[in-house]
2 protein chains.
Amino acid sequence: MIEDKNQQRTPLSELGEFGLIDHLTRNFKIQHKSTIKGIGDDAAVLNFKNKNVVVTTDMLVEGVHFDLSYVPLKHLGYKAVIANLSDVYAMNAKATQVTVSIAVSNRFPLEAVEELYAGIETAASIYNIDVVGGDTTSSTTGLLISVTAIGEVETGSEVYRSGAKPNDLLVVSGDVGGAYMGLQVLEREKEVFKVNPQNQPDLSLYTYIIERQLKPEARKDVVKLLEDLEVRPTAMIDISDGLSSEIIHLCKNSDVGCDLYEGKIPLDPQVISTCEEFNIDSTTVALNGGEDYELLFTISQDDYPKIKANPHLTVIGHMKEAKEGLHLVTRANTRIPIKAQGWKNFN
Amino acid sequence: MIEDKNQQRTPLSELGEFGLIDHLTRNFKIQHKSTIKGIGDDAAVLNFKNKNVVVTTDMLVEGVHFDLSYVPLKHLGYKAVIANLSDVYAMNAKATQVTVSIAVSNRFPLEAVEELYAGIETAASIYNIDVVGGDTTSSTTGLLISVTAIGEVETGSEVYRSGAKPNDLLVVSGDVGGAYMGLQVLEREKEVFKVNPQNQPDLSLYTYIIERQLKPEARKDVVKLLEDLEVRPTAMIDISDGLSSEIIHLCKNSDVGCDLYEGKIPLDPQVISTCEEFNIDSTTVALNGGEDYELLFTISQDDYPKIKANPHLTVIGHMKEAKEGLHLVTRANTRIPIKAQGWKNFN
C-alpha cells in the first residue's frame with residue numbers, strides 16, 4: 001500500500017501551537033472580497049453585503065471515517081474540505097470560506113501535518129475559497145479534522161430540502177456508488193498487503209472508483225450549470241450518506257413521496273464491473289454506498305427540456321403525494337419500498 | 001470526586017446518527033433575526049444585513065483540555081461554548097450563532113451526551129445565541145468537542161489585536177489566575193480520591209476558583225459596558241492562554257512595547273490564599289495560568305476618566321514604543337522582560 005517515504009520527522013513540539021498554525025497557514029492567500037480579515041486574530045471578519053450566509057460543519061475521525069494505511073494525508077485534507085463544500089453547494093450557494101481544526105497525536109511529525117495542510121490548500125485554491133481560521137491541538141490518539149464551511153447566496157435563492165412538490169422530477173448529478181466500491185478495493189488490497197507486503201497491487205482497473213473514494217470533488221460546477229440553464233431546483237441535498245438515505249430526507253422534509261427508477265440510476269462501468277467482481281448488487285451499492293458528494297435535487301417538469309440533454313444530470317424518478325410512499329421501481333417493474341438501510345445490506 | 005449517579009445507560013447505537021442529532025437538538029430554539037434556518041438542512045442559512053460577521057473555532061479534547069474524572073459533562077458543554085464566545089467578544093462583536101460538533105466513543109451512553117448538550121443549551125440560552133448546526137460522530141477513544149462561533153458587529157466597529165498605540169493604557173476585565181488555581185485544587189483532590197475514595201473533599205474554601213475552572217463565563221457584559229461608556233478599545237484580545245502570552249500577541253500585532261505593573265494585576269483573594277497554600281508565586285500564575293476568558297484591551301489615555309471608577313476594569317499598564325520592549329515592573333520596581341513562557345514555569 002502507500003508507504004511513508006518521507007524520511008524527515010520533525011516533532012510537533014518543536015514549533016508549539018502558535019508556531020504550528022503560523023507555519024501551516026503561511027502560504028494561504030485571501031481571495032474573496034467578503035474576507036476582511038483571515039487567520040491571525042481572535043476571529044475572522046467577513047462581510048456578505050446583504051446576501052444570505054450558509055454555514056455547515058463536518059468532522060472526520062481516524063479509524064471511523066478514514067484509514068491512514070491507504071489514505072494519503074494530502075488526499076485526506078482535500079477530502080475534508082470537499083465534504084463540507086458539497087453541503088454549501090447543496091444549498092445552491094457559493095462557497096467562500098472554511099475554518100479547519102485538527103487534533104493530532106504526537107505520532108505524527110510536522111511533515112505529516114504539512115501534507116494534510118497541502119491538501120487543504122489545494123482544495124482551497126481549486127475551489128477558490130479562503131481558509132480564515134482554525135485550531136491545532138494535540139490528541140491522545142489519532143487524527144481528527146473538523147471543518148466549518150461558509151458560503152453566500154442571493155437572499156431567497158437558497159434551496160432547502162423542503163421544497164419538492166408532487167410531479168417534480170428527481171435528478172442526480174454525475175454517477176453514484178463509485179466511492180463505496182473504491183473503498184472495497186482499497187480494503188481488499190490492505191488485506192492482501194498484510195499477507196504479502198512485497199506484492200505491489202495493480203489498481204489500474206479501478207482508477208476511477210479509487211479516485212472517487214480518495215479524492216472526491218464537490219459539484220460547484222452543477223450549481224453554476226443550473227444557474228446558466230436558469231433552472232432553480234425546488235429542493236436539493238448532497239449525497240454523502242447514500243442515495244436512499246438522502247431521498248428519504250428530501251421526501252420527509254418536503255412531505256412528498258417518490259418513485260425512483262432502478263434502471264435510471266447512473267453507474268460508471270467500473271462500478272458495474274467491480275460489483276460483479278465482488279459479487280455485490282450494484283443497485284444496493286448505489287442506494288446505500290455513500291460518500292459520492294453528488295447533488296440530488298428536484299425540478300419542476302417545466303424545466304425538463306433545459307436539462308434533458310445534459311451529460312452531468314440524470315432524471316432518476318419523480319415525486320408523488322406523501323401518502324403514496326417512497327418506492328424503488330425495479331427493472332422488472334416491481335415496486336419495493338425505500339427504507340433507510342444504511343450499511344445493513346452489507347453486514 | 002464527582003460520581004456518575006446516573007444509572008440509566010442507553011447505548012448511542014440505539015438512535016443512530018440522525019436520530020441522535022434530532023434527539024439532542026429538539027429543544028434548541030431560534031432567537032436571532034439573523035438566523036433564517038438553523039439545524040435540519042445541508043447548512044444553516046443566516047443573514048447579517050450589511051454588518052460584519054466574525055467567525056472563530058476552537059476544539060476541546062479529552063485528556064488534553066479536560067479530565068472527566070472531575071469535569072461534569074454539563075459544565076464541559078457550557079465551557080466549550082464559552083471559550084468560543086469569548087473570542088467573538090474579543091472582536092467587540094455580538095455573538096449570535098454556534099455550531100457544535102462532537103466525536104464520542106461508545107463508552108458514553110446517551111444520557112452522558114444529553115448532559116453535555118444540556119450544558120451547551122444552557123450557555124446558548126444565557127448568552128442568547130442560536131445553535132444552528134453540528135455533527136455527531138463516533139470516535140475510537142474519548143470525547144472531542146469542536147465549536148464554531150459566529151457573531152456580528154457594525155462594519156468598522158470590530159476591534160483587532162493590531163490597533164494599540166504607544167501611551168495607550170492596558171486594561172483587563174475581572175481578575176486572573178483563578179482558573180489555573182482551580183485546576184490545581186481539582187488535580188490535588190483527584191490524587192487524594194485515588195488514595196482514599198471514601199474521603200469527601202471540603203472544597204468550600206475554593207468555590208470561586210473552582211467555578212472559574214469548571215464553569216467560566218465570557219465577558220459579553222464588558223463589550224456592552226464599553227459601548228455604554230462610549231469607550232472604543234484600540235486593540236483587544238481574550239485571555240485564554242495567560243496574561244503574558246496575550247500581551248505578547250497584542251504588542252507583536254500592534255508593533256508596540258509595554259510596561260505591565262505587577263502590583264496592578266487583579267487577583268481574587270482566593271487566588272492569593274491558594275497560591276500561598278500551594279507555595280506558588282501568584283504573579284507567575286496570573287501571567288501564565290490561562291483559561292480565564294477575560295478581555296485584555298488597550299484604550300486611549302483620553303478615555304481613562306470613563307473607566308477609572310469601574311469595578312470590572314483594571315488598568316494594569318501602558319503601551320510604549322516597540323523598541324522599548326515588553327516588561328513586567330515588579331512591586332520592588334525592577335523591570336523583567338516578559339517572555340512567552342507558557343507552562344514552563346510549572347514544570
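Protein chains get the first letters and strands the later ones, always in sequence-line order, with residue 1 at the start of each. The structure displayed is predicted, hence computed values, not measured ones.
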Problem set entry | Contact summary for A103(A) and V61(B), nearest pair of heavy atoms | CB-CG2, 4.2 Å
Problem set entry | Side chains of L144(A) and L144(B) in contact at under 4.5 Å (non-hydrogen atoms) | yes
Exercise. Looking at I36(B), V45(B), V54(B), which makes the most heavy-atom pairs under 4.5 Å with chain A?
Worked result: V45(B)
For this session: Let me know if N84(B) has heavy atoms under 4.5 Å from chain A in its side chain, its backbone, both or neither.
Result: neither
For this session: With a 4.5 angstrom heavy-atom cut-off, could you sort out which part of T155(B) is near chain A: side chain, backbone, both or neither?
Result: side chain
Problem set entry | Closest-packed option against chain A by number of heavy-atom pairs under 4.5 Å, given A44(B), G133(B), G40(B) | A44(B)
Problem set entry | V53(A), part contacting chain B, at a heavy-atom distance under 4.5 Å | both
Seminar exercise, completed: Cut-off 4.5 Å, heavy atoms of chain A, and the answer for E62(B) is backbone
For this session: Take T141(A) and T141(B), measure what side chain to side chain contact (heavy atoms under 4.5 Å, CB included) needs, and give me the verdict at the end.
Result: CA-CA 7 Å; T141(A) 58; T141(B) 56; 2.7 Å; yes
For this session: Report the distance from atom CE of M59(B) to atom OG of S138(A), rounding to the nearest 0.5 Å.
Result: 11.5 Å
Problem set entry | T57(A): side-chain contact (heavy atoms from CB on, under 4.5 Å) partners, not counting sequence neighbours | S146(A), T148(A), T99(B), S101(B)
Problem set entry | N106(B), CG: over 12 other non-hydrogen atoms inside 6.0 angstrom | no
For this session: Using non-hydrogen atoms and a 4.5 Å limit, figure out which bit of N253(A) sits close to chain B: side chain, backbone, both or neither.
Result: side chain
Exercise. V55(B) versus chain A, heavy atoms under 4.5 Å apart: side chain, backbone, both or neither?
Worked result: both
Problem set entry | Heavy-atom pair of closest approach, residues T137(B) and H65(A) | OG1-CE1, 2.8 Å
Problem set entry | Between NZ on residue K49(B) and NZ on residue K49(A), distance to nearest 0.5 Å | 15.5 Å
Exercise. Checking heavy atoms, do the side chain of V132(A), its backbone, both or neither come under 4.5 Å from chain B?
Worked result: neither
Problem set entry | Shortest non-hydrogen contact from M91(B) toward D41(A) | SD-OD1, 3.5 Å
For this session: Check whether any side-chain heavy atom of N52(B) lies under 4.5 Å from a side-chain heavy atom of L46(A), and answer yes or no.
Result: no
Exercise. Chain B heavy atoms under 4.5 Å from L60(A): which part of the residue, side chain, backbone, both or neither?
Worked result: neither
Exercise. For D42(B), what residues pass the salt bridge (Lys or Arg N to Asp or Glu O under 4.0 Å) criterion, not counting sequence neighbours?
Worked result: R161(A)
